[in-house]
S.K.: 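Please read through the structure below; I'll follow up with questions.
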Number of protein chains: 2
Amino acid sequence: MMKIVIDNVGEYLKSHNIKPSYQRIRIFEYLINTTSHPTVDEIYKVLISEIPTLSKTTVYNTLNLFVENEIAKLLTIEENEARYDANTGIHGHFKCDGCGEVMDFDFDFTKLGVSELDGFQVKQQDVFFRGMCKSCSGKTKN
Amino acid sequence: MMKIVIDNVGEYLKSHNIKPSYQRIRIFEYLINTTSHPTVDEIYKVLISEIPTLSKTTVYNTLNLFVENEIAKLLTIEENEARYDANTGIHGHFKCDGCGEVMDFDFDFTKLGVSELDGFQVKQQDVFFRGMCKSCSGKTKN
DNA sequence: GTATCTGCAAAACATTTGCAATTCT
DNA sequence: AGAATTGCAAATGTTTTGCAGATAC
């Protein structure tokens with residue numbers, strides 16, 4: 001699905017009222033360059049090797065800042081661990097119980113036919129499915 | 001939306017391979033008699049006044065048992081706090097940022113038109129929207 | 001030079017685990 | 001009595017907070 005392309009991360013952060021510190025730029029770059037919807041711990045472990053002074057607190061602070069300023073979305077794919085996505089456009093997530101992969105998919109909410117929500121202002125949509133992807137179907141659990 | 005009506009909770013638990021202890025019956029009864037999709041803490045605080053010896057561990061154990069035996073669903077409405085729903089049928093949740101209420105709605109996944117998932121076995125569907133409900137729209141935040 | 005940002009250590013939560021006491025049949 | 005359940009206390013893991021030092025403009 002959609003890959004996010006941002007030519008100048010520093011300017012992008014500025015345009016969203018975030019001062020582009022070195023840590024913030026690196027964390028955001030990691031977010032747009034990975035498709036894995038990483039956890040705080042994953043981001044920290046990858047970046048600590050390149051930024052030896054990085055602390056987990058900064059990763060937490062930075063991701064909270066991104067979410068507040070709406071350049072990242074907090075995903076509730078797994079309970080007990082927050083995952084983040086720099087793709088803030090409307091899309092769903094599917095997690096395969098076979099291979100564990102989380103993939104994005106497009107959906108069109110207007111087609112849902114949800115009459116209960118007539119007249120409601122829907123501002124945020126989280127759609128998360130899980131099951132078996134095509135290549136894992138038929139295989140035994142791996 | 002749908003209210004769950006179960007005439008004999010003990011028998012219902014038995015039919016799902018759960019021994020109907022007093023605590024389990026009371027916790028399940030609370031779950032089907034409330035529409036608030038309660039947290040562990042809410043359940044505990046309500047029931048401790050009626051079952052003075054109740055422990056939070058038992059509430060956790062019991063809810064995990066319910067989820068394993070598929071008579072309750074774990075909701076990811078709020079990150080950092082698990083919420084539970086005894087309605088295991090497919091439906092979505094809408095949380096109003098105005099009044100804070102969580103309401104159920106029906107949706108028809110087959111109408112989504114998600115071609116990416118063709119050939120996938122979708123076993124679980126979590127659909128969570130948030131925004132402003134009709135009566136809160138137009139009001140200032142309350 | 002002053003605001004802000006960073007990062008350590010400690011605190012605050014939610015949840016799980018080990019185990020002894022209790023309960024049920 | 002024997003097996004399962006309960007509940008306390010401690011452990012675990014994630015996230016937040018307080019604050020001192022570092023950094024940036």
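Here is the naming used below: chain letters follow the sequence lines, and residue numbers restart at 1 for every chain.
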S.K.: Taking 4.0 Å as the cut-off, does a side-chain nitrogen or oxygen of B:Ser21 come that near to OP1 or OP2 on C:dC24?
M.R.: no

S.K.: Is a donor-acceptor pair below 3.5 Å formed from side chain A:Thr57 to base C:dC8, judging by atom type as modelled?
M.R.: yes

S.K.: Can you identify which nucleotide, out of D:dA4, D:dT15, C:dT15, has its nearest atom closest to the A:Ala82 side chain?
M.R.: D:dT15

S.K.: Classify the ring geometry of A:Phe129 against A:Phe105: parallel below 30°, tilted from 30° to 60°, perpendicular beyond 60°.
M.R.: tilted

S.K.: May I ask you to say what B:Lys56 touches in the nucleic acid, namely base, sugar-phosphate or nothing, with a heavy-atom cut-off under 4.0 Å?
M.R.: nothing

S.K.: Would you say A:Thr58 places a side-chain N or O within less than 4.0 Å of OP1 or OP2 belonging to C:dG7?
M.R.: yes

S.K.: Go through C:dG7, C:dA14, D:dG7 for me and flag the one nearest to the A:Gln23 side chain.
M.R.: C:dG7

S.K.: State whether A:Thr53 places a side-chain N or O below 4.0 Å from either non-bridging phosphate oxygen (OP1 or OP2) of C:dG7.
M.R.: yes

S.K.: Looking only at side-chain atoms of B:Val40, point me to the closest of C:dG7, D:dG7, C:dT15.
M.R.: C:dT15

S.K.: Can you confirm if the aromatic rings of B:Phe28 and B:Tyr12 lie within a centre distance of less than 6.0 Å?
M.R.: yes

S.K.: Going by the glycosidic torsion and a 90 degree boundary from 0, is the base of C:dA3 oriented syn or anti?
M.R.: syn

S.K.: Looking across every strand, which nucleic acid part, if any, lies under 4.0 Å from B:Thr39 by heavy atom: base, sugar-phosphate, or nothing?
M.R.: nothing

S.K.: Please check if the distance between the ring centroids of B:Phe94 and A:Phe120 is under 6.0 Å.
M.R.: yes

S.K.: Looking only at atom types and distance, does a side-chain atom of B:Arg130 sit under 3.5 Å from a main-chain N or O of B:Cys96, one as donor and one as acceptor?
M.R.: no

S.K.: Assign A:Asn64 to base, sugar-phosphate, or nothing according to its heavy-atom contacts below 4.0 angstrom with the strands shown.
M.R.: sugar-phosphate

S.K.: Would you say B:Tyr60 reaches C:dT15's phosphate, i.e. side-chain N/O to OP1/OP2 under 4.0 Å?
M.R.: yes

